[in-house]
Amino acid sequence: MTGRTHALLGAVTWVVVAGEAVPGAPSSGEIAFGAVICAGRALLPDLDHVGSRASRAGGVATRALAVGVRTAAGGHRGATHSAVAVLALWLGLTAVADRMLVPDARWIADAVAAGALSHLVADGLTAGGVPLLWPLTRRRLGVPLARTGGSVDRLVGLACLALLAVVAIRSVWPALL
């Protein structure tokens with residue numbers, strides 16, 4: 001999937017799961033902030049690819065980081081595309097959130113994990129698959145339904161964009177939809 005599709009899918013993922021992740025009824029601000037976090041995090045597994053949006057985001061610094069991550073992760077769609085990477089990140093952020101003075105900050109760790117999971121699911125729909133069970137095996141799992149930049153990729157991106165537009169309009173004008 002393209003970076004654009006990953007970001008849009010990440011934002012939609014948060015809109016769908018926010019009601020379960022945020023304690024109480026999430027405010028529109030929490031949903032919007034979580035969608036931005038989730039969309040951004042949905043790009044980060046591709047930090048192991050020097051041409052990705054994530055590696056280009058911060059110029060020379062993130063490109064250099066991408067070279068290091070690519071080497072450490074075992075190439076593109078290596079360790080950064082595994083369940084272990086998502087779990088480690090979520091556990092680390094949850095531990096930090098539990099020590100913060102801001103009440104109920106744990107949902108931010110959930111937004112980050114949701115974005116990462118949306119990335120793995122999207123890449124799992126391509127012929128390249130993802131090494132979901134790394135480090136147990138480097139075998140990539142996937143269902144080849146889409147090609148990066150292909151028509152299914154673009155259709156998923158457009159559907160996500162439409163859903164986000166509907167959610168945004170409903171939050172501003174609830175009686176409209």
Side-chain angles (χ1 to χ4, degrees), residues 1-21 34-58 62-94 107-167:
M1 297 286 177
T2 62
R4 178 181 300 120
T5 303
H6 279 305
L8 288 168
L9 188 58
V12 165
T13 298
W14 181 251
V15 168
V16 170
V17 302
E20 298 299 320
V36 170
I37 291 170
C38 207
R41 179 54 183 106
L43 296 173
L44 283 182
D46 280 341
L47 195 56
D48 64 2
H49 185 294
V50 293
S52 70
R53 286 183 188 264
S55 68
R56 294 188 323 253
T62 52
R63 284 195 181 161
L65 179 62
V67 170
V69 169
R70 181 181 178 92
T71 302
H76 181 52
R77 291 198 187 175
T80 62
H81 286 70
S82 70
V84 168
V86 174
L87 181 62
L89 182 66
W90 180 79
L91 287 172
L93 290 173
T94 299
W107 68 266
I108 296 172
D110 295 340
V112 169
L117 284 173
S118 75
H119 187 104
L120 298 186
V121 168
D123 278 359
L125 296 176
T126 65
V130 293
L132 193 62
L133 302 176
W134 178 95
L136 300 176
T137 178
R138 291 182 190 259
R139 183 170 180 254
R140 293 182 181 189
L141 305 173
V143 180
L145 298 176
R147 188 174 45 86
T148 300
S151 57
V152 172
D153 185 345
R154 289 192 303 272
L155 185 63
V156 168
L158 284 172
C160 289
L161 189 60
L163 181 61
L164 289 172
V166 168
V167 169

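Only one option out of T148, V152, D153 pairs with T5 in a side-chain contact (heavy atoms from CB on, under 4.5 Å); it is D153.
Taking OG of S151 as the reference point, atom CZ of R154 lies at 6.0 Å (rounded to 0.5 Å). Rounding to the nearest 0.5 Å places OG of S82 at 7.5 Å from CG of L132.
For H49, the ring-ring contact (aromatic ring centres under 6.0 Å, His included) partners are H76, not counting sequence neighbours. With sequence neighbours left out, the salt bridge (charged side-chain N to carboxylate O under 4.0 Å, His left out) criterion links R77 to D123.
Under the 4.5 Å side-chain criterion, counting only non-hydrogen atoms from C-beta, V16 is in contact with V12. In this structure, the side chains of P135 and V84 come closer than 4.5 Å at one or more pairs of heavy atoms. Contact of the D48 side chain with the H81 side chain is registered, since non-hydrogen atoms from C-beta on lie closer than 4.5 Å. Between L89 and V112, the closest side-chain pair of non-hydrogen atoms falls below 4.5 Å. Residues L8 and R4 meet the side-chain proximity criterion, which asks for heavy atoms closer than 4.5 Å.
In terms of heavy atoms, G10 sits closest to A42 at CA-CB, 4.0 Å. In terms of heavy-atom proximity, A85 sits nearest to A79 at CB-O, 3.3 Å. Nearest heavy-atom pair across L93 and A109 is CB-CB, 3.6 Å. Summarising the geometry of A122 relative to L9, their closest heavy-atom pair is CB-CD2, 3.7 Å, with the distance given to 0.1 Å. Annotation for C38 and W14: closest pair CB-CB, 3.7 Å, computed over non-hydrogen atoms.
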Step-by-step side-chain contact (heavy atoms from CB on, under 4.5 Å) determination, H6 to D46:
CA-CA 10 Å; H6 279 305; D46 280 341; 3.9 Å; yes
* With side-chain contact (heavy atoms from CB on, under 4.5 Å) as the test, would you mind laying out the steps for L120 and V86 before giving the verdict? => CA-CA 9 Å; L120 298 186; V86 174; 3.6 Å; yes
Please determine whether side-chain contact (heavy atoms from CB on, under 4.5 Å) holds for the pair V69 and T80, giving the CA-CA distance in whole Å, both sets of side-chain angles, and the decisive distance to 0.1 Å. CA-CA 8 Å; V69 169; T80 62; 3.8 Å; yes
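Judged by distance alone, the side chains of W90 and D110 do bring a donor and an acceptor atom under 3.5 Å apart.
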